[in-house]
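A short worksheet on the structure shown next.
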Amino acid sequence: HSAATAKKTNPGIHCTVVTNYQIDLQRVRGEWPFDDLIIVEKDSKYNRLVKTNIIQYTSLERCLYLDCDTEVRGSLEPVFNCLDRFDLAMKLNFSTVKKEYEIAPGIPGRLFPVWNSGAIFFRNDDRVQEFFSRWSRFFMEEGRKSDQPALARAVYASPELRLLTLGPLWNAFPDDAAFLRNGIRDALIWHYRLPYRWPAVAPSLYQIHQHISPALINQDAALAGEIEDASRRYKFLASPFYRRGIGCPLFQKCKPLLKFFIDVAGLFKVKIKRDSQAFGRKYEHIDD
């Protein structure tokens, strides 16, 4: 969905997907939004390691990394043009974080705002390659599930980096609506995060899921179950009943109770114990 909306709003943009899913492109229904498919043989628990090394997966001069829970709503050209003068551009979160970590010895991270890694514009040059190398190294050292603390450390450790700080226009969370003139409608990159809270995105997610899920190969029982659960979840979120009802006052009052029943039904909480070798060999250690 991220790639399809980027293509629609930025004709000619080159899109690559980096994934550990094995995909048979001959079985994709509808339009395939990617120019390149890169399959990494790592289990999903290593996805953040791939993310912090994302520069290794591109040879293009100017790039945008996007989390997959994003929607591109306008031209990306202004920030790409800024990469004439800057090495990297990303959004600064207004609020500080509660996580306990140090961005440098004696400098606690909770005293400062942090950058969000859901949308990162960058040049492919030596300075940025060194920055991503630091980010990945700090992430492995900290052993956290989140890559944000390591990102803050990498920025602080890279004074030579020409960093352009962006606002919510280029990476808007649902809670950022108050900071935009016309609310979330102004966002050029919408980081919607939770589809059940923002069901406007659900119809497109459901349609793309129906197009791509038949092309996933090596479908063991766990993966097949996950695909079925995701399809049922998106179909429900895309229904007029849910999309129209979520905004009405009665729905808002009953939402906690409805959420409970939906959780019990398995529409939002999907717990899959997937075979660790389903999409590649098991890694005994994390490679640099």
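- Using a 4.5 Å heavy-atom threshold, the side chains of Asp36 and His14 count as touching.
- Annotation for Gln210: atom CD counts as buried by contact number, over 12 foreign heavy atoms lying within 6.0 Å.
- The existence of a salt bridge linking Arg193 and Asp67 is excluded, since no basic side-chain nitrogen approaches an acidic carboxylate oxygen closer than 4.0 Å.
- A heavy-atom distance below 4.5 Å is not found between the side chains of Val40 and Tyr46.
- Between Phe122 and Phe131, the distance from one ring center to the other does not fall under 6.0 angstrom.
- Using modelled atom types, no side-chain atom of Asn93 and backbone atom of Asn116 make a donor-acceptor pair closer than 3.5 Å.
- Listed for the Ser2 side chain is a donor-acceptor partner under 3.5 Å among the backbone atoms of Thr70.
- Using a 4.0 Å cut-off between charged nitrogen and carboxylate oxygen, Arg62 and Asp84 count as a salt-bridge pair.
- Distance alone, capped at 3.5 Å, is enough to place a donor-acceptor pair between the Asp35 side chain and the Cys15 backbone.
- With Arg123 contributing its side chain and Leu83 its backbone, the two residues share a donor-acceptor pair below 3.5 Å.
- Residues Tyr21 and Thr19 come closest through the heavy atom pair N-OG1, 3.0 Å.
- Between Arg48 and Asp147 there is a salt bridge, with a side-chain nitrogen of the basic residue lying less than 4.0 Å from a carboxylate oxygen of the acidic one.
- More than 12 heavy atoms of other residues, nucleotides or ligands shown are found within 6.0 angstrom of CD on Glu160.
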Are Trp135 and Ser117 close enough, and set up right, to give a side chain to side chain contact (heavy atoms under 4.5 Å, CB included), and what steps lead you there? CA-CA 11 Å; Trp135 185 17; Ser117 62; 3.8 Å; yes

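- Ion pairing between Arg153 and Glu142 holds under the 4.0 Å rule for side-chain N and carboxylate O.
- Geometric assessment of Lys91 against the ring of Phe173 yields a positive cation-pi assignment under the 6.0 Å and 45° thresholds.
- Annotation: side chain of Arg127 is not in contact with side chain of Glu130 (no heavy-atom distance under 4.5 Å).
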Go through it in stages, so that I can follow the logic: the residues are Ser136 and Met140, the test is side chain to side chain contact (heavy atoms under 4.5 Å, CB included), and I'd like the CA-CA distance, side-chain angles, deciding distance and then a yes or no. CA-CA 6 Å; Ser136 181; Met140 288 189 291; 4.1 Å; yes

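- Formation of a donor-acceptor pair under 3.5 Å by the Gln148 side chain with backbone atoms of Trp115 is found in this model.
- Using cut-offs of 30° and 60° for the angle between ring planes, the Tyr242 and Phe236 rings count as tilted.
- When side chains are defined from C-beta on, Met90 counts as touching Val155, because their heavy atoms get closer than 4.5 Å.
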Applying side-chain hydrogen bond (donor to acceptor under 3.5 Å, both in side chains) to Ser59 and Asn124, what does each step give before you reach the verdict? CA-CA 7 Å; Ser59 59; Asn124 194 349; over 6 Å; no

